[in-house]
There are 2 protein chains.
Amino acid sequence: MDTTCDCGRCKHDICIHRVPIFSTLNEKEISNIAELINHHDYKKGEIVVSEGDSIDSIIIMNQGSAKAFKYTLEGREQILYIFAEGDFFGEKNLLSNQRATFFVEALQDIKTCSLSRYQFQKLLYKYPDIGIKIIDELGKRLSRLENSLQSMGVRNVDSRLGSLLIDFQEKFGVSVSEGTLIQLPLSREGMANYLGVARETVSRKLGQFEQEGIIRTINNKSILITDQDSLNMVAGSA
Amino acid sequence: MDTTCDCGRCKHDICIHRVPIFSTLNEKEISNIAELINHHDYKKGEIVVSEGDSIDSIIIMNQGSAKAFKYTLEGREQILYIFAEGDFFGEKNLLSNQRATFFVEALQDIKTCSLSRYQFQKLLYKYPDIGIKIIDELGKRLSRLENSLQSMGVRNVDSRLGSLLIDFQEKFGVSVSEGTLIQLPLSREGMANYLGVARETVSRKLGQFEQEGIIRTINNKSILITDQDSLNMVAGSA
DNA sequence: CGGACCATTGATAATTGTCAAAATTCGTGG
DNA sequence: CCACGAATTTTGACAATTATCAATGGTCCG
């Protein structure tokens, strides 16, 4: 079975192959779906979706990462998700004509695949498994958000920042001889917006972690975790 | 078509009638499903589900309300949802053997309906519409959680408390001559745990709202909203 | 190399948490 | 229906944390 799609860029693998919600389908089914897919490129900083847009497609991250956010009443950005490869969004608009509930902005140059609501609904009726996969995926996303809410509820900013570093570590960390190196997807301000604290507070706390020998900051863009146990401690208790 | 189920308590209407996810089904289909349903009663304060439980059913609220919560690292309760009549939970355990991710506790004496995972999966394959309904409902729940997270990011406690009152108003409010009367589902402490602030702070803020003529507190259990515009202002800005 | 942008640091103010005590409310049983 | 004890809530004083503002210092990229 030929798994090369005709989109002109996923040379060795159909992009939707990477998407968990299609994982129960066989090669032929995936090939059929591939033909229904549209592709888009966005540059770093470009807005993929704006809050209030009536998008009529489900959008799948094919390459790079993006942040989903809303504005708080104070005008500050509140980040909700970091979408990485294989993640999707827009499923809320699947049946209802509900509009997009948040902004999505490319954190690097990214590539997306999209599937129209109409096509997607036909798929769902044809392959109920996909529906179950989506329910499963939405459940996971709910769990993650519930965990975020739980962390936000921790009044201690140290814990919250510690948890964020661990999250990033799991998603973007690479093992090196001295510990784990994280390529930060967000600036200090971005992290502050994720945690709901002031930019300066993030600086101070990171400075404090560095003094305590837990991390080493490298050029604003990377952080080296040098003492995993202490980080777990900070994130996990007092 | 007879719509009386044999559960012995929903005399005039099958309980699942109230559940949005079954709303696309006809009377006969609903009757068939009714036979598969189990019923349970819980007293106020009883735990319906504990975090870590491996529940094998989807549970539907039939009467009364319940709170879903997790414990923060500090040992404080963080409330995630208030489930009212027609809401369901346990859908995360639908396919994966994932365990319950939060506690659910009855806020009054409640009645629930449950449907085993096995039965539920069969239904999903038979009626793909139910799957779509669930995706829709989960999408709404995600939106709500995203909004909560957004509010948690608002540093201003006044706004957050104002928003909570408006939420309660929409769910539990009754119009009276002097304004809107809310039967509070949660105690002061409960509200504090929802907002992630100290109990005393909720007291003080409510006192402040009362001084400003926005609300009138009645016996700890009810609040009368006397100045809707001001409340919207507080919730919506400064 | 220079300018724009981002991050850090310091000083101060504002907000909220904590602890303790008093007041109110609730529910039960007489 | 009232009274009493338990539970919850309110209030006050103080401490701790974080936000804000302003100035300085670094970093990135053409």
Side-chain angles (χ1 to χ4, degrees), chain A residues 43-45 67 72-78 107-109 151-162 164-165 182-212 215-223 234 238, chain B residues 43-45 67 72-78 107-109 151-162 164-165 183-212 215-224 234 238:
Chain A
K43 301 217 174 236
K44 175 178 174 175
K67 66 177 174 186
T72 67
L73 301 167
E74 296 153 329
R76 201 170 50 72
E77 226 177 81
Q78 175 66 50
L107 289 171
Q108 305 102 38
D109 293 0
S151 334
M152 290 291 277
V154 177
R155 306 199 192 103
N156 191 329
V157 175
D158 296 50
S159 302
R160 280 156 56 190
L161 182 55
L164 182 62
L165 290 181
I182 305 172
Q183 286 278 39
L184 295 173
L186 295 175
S187 64
R188 297 288 185 276
E189 178 154 27
M191 290 193 274
N193 288 339
Y194 208 158
L195 297 176
V197 299
R199 191 168 64 248
E200 294 93 329
T201 302
V202 172
S203 276
R204 280 185 247 269
K205 294 293 179 188
L206 285 178
Q208 178 191 318
F209 286 178
E210 189 152 16
Q211 281 225 330
E212 292 167 357
I215 63 169
R216 207 157 70 223
T217 59
I218 301 167
N219 281 353
N220 294 349
K221 289 266 178 81
S222 308
I223 284 181
V234 170
Chain B
K43 301 216 173 238
K44 175 178 174 177
K67 66 178 174 184
T72 67
L73 300 168
E74 296 153 329
R76 200 173 50 73
E77 227 178 81
Q78 176 64 52
L107 289 170
Q108 305 103 36
D109 293 0
S151 325
M152 292 288 277
V154 176
R155 304 194 195 106
N156 191 331
V157 175
D158 295 50
S159 303
R160 279 155 58 189
L161 182 55
L164 182 61
L165 289 181
Q183 285 278 38
L184 295 173
L186 294 175
S187 65
R188 298 289 185 274
E189 178 154 28
M191 292 194 273
N193 288 338
Y194 209 158
L195 298 175
V197 298
R199 187 170 64 249
E200 294 93 332
T201 302
V202 171
S203 276
R204 281 185 247 268
K205 294 293 179 189
L206 285 179
Q208 180 191 315
F209 287 177
E210 189 153 17
Q211 281 227 330
E212 291 166 1
I215 63 170
R216 206 158 72 224
T217 59
I218 301 166
N219 280 353
N220 292 350
K221 289 266 179 84
S222 308
I223 283 180
L224 179 68
V234 170

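First the proteins, then the strands, lettered A, B, ... as listed; each starts at 1.
- Here Glu200(B) lies in heavy-atom contact (under 4.0 Å) with a base.
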Report, one pair per line, the protein and nucleotides 24-30 of chain D atoms (nitrogen or oxygen only) whose separation is under 3.5 Å.
| from | atom 1 | to | atom 2 | distance (Å) |
| --- | --- | --- | --- | --- |
| dC28(D) | OP1 | Asn219(A) | O | 3.2 |

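- On a pure distance criterion of 3.5 Å, no polar donor-acceptor pair joins the side chain of Arg199(B) and the base of dG17(C).
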Got a list of side-chain donor-acceptor pairs under 3.5 Å for residues 216-223 of chain A, not counting sequence neighbours?
| from | atom 1 | to | atom 2 | distance (Å) |
| --- | --- | --- | --- | --- |
| Arg216(A) | NH2 | Glu178(A) | OE1 | 3.2 |
| Thr217(A) | OG1 | Glu210(A) | OE1 | 3.0 |
| Ser222(A) | OG | Gln183(A) | OE1 | 3.1 |

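- In this structure, Asp158(B) CG and Lys205(B) NZ are separated by 4.0 Å, a value rounded to the nearest 0.5 Å.
- Although no hydrogens or angles enter the test, the distance criterion places no donor-acceptor pair under 3.5 Å between the side chain of Asn193(A) and the main chain of Gln78(A).
- A straight line from NZ of Lys205(A) to P of dA19(D) spans 9 Å, rounded to a whole angstrom.
- Leu195(B) has its CG atom 10 Å from the P atom of dG17(C), to the nearest Å.
- Of the two residues contacting DNA chain D, namely Gly190(B) and Arg204(B), the nearest-nucleotide position lying further toward the 5' end is that of Gly190(B).
- When distances run from any side-chain atom of Thr201(B) to the nucleotides dT9(D), dT16(C), dT8(C), the shortest one goes to dT16(C).
- Protein atom CG of Asp158(B) is 15 Å distant from nucleotide atom P of dA14(C), rounded to whole Å.
- Note: CG (Leu161(B)) to C1' (dT16(C)) measures 14 Å, nearest angstrom.
- Between Arg188(B) and the phosphate of dT10(D), there is a side-chain N or O to OP1/OP2 separation shorter than 4.0 Å.
- A side-chain donor-acceptor contact under 3.5 Å links Arg160(B) to the backbone of Leu195(B).
- Atom CG of Asn156(A) and atom C1' of dT16(C) are 14 Å apart (whole Å).
- One interatomic measurement links the two molecules: CZ of Arg160(A) to P of dT17(D), which rounds to 14 Å at whole-angstrom precision.
- Following rounding to the nearest Å, Gln108(B) (CD) and dG27(C) (P) show an atom-to-atom distance of 12 Å.
- Checked against dG17(C), dT8(C), dT20(D), the side chain of Ser203(A) finds its nearest nucleotide in dT8(C).
- For the pair Ile215(B) and Leu224(B), the minimum side-chain heavy-atom distance is 4.5 Å or more.
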Stepwise side-chain contact (heavy atoms from CB on, under 4.5 Å) test for Leu206(A) and Met191(A):
CA-CA 11 Å; Leu206(A) 285 178; Met191(A) 290 193 274; 4.1 Å; yes
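- Ionic pairing of Glu77(A) and Lys67(A) is present here: one or more N-O contacts between side-chain nitrogen and carboxylate oxygen are shorter than 4.0 angstrom.
- Rounded to a whole Å, the CD atom of Gln208(B) is 14 Å from the P atom of dG12(D).
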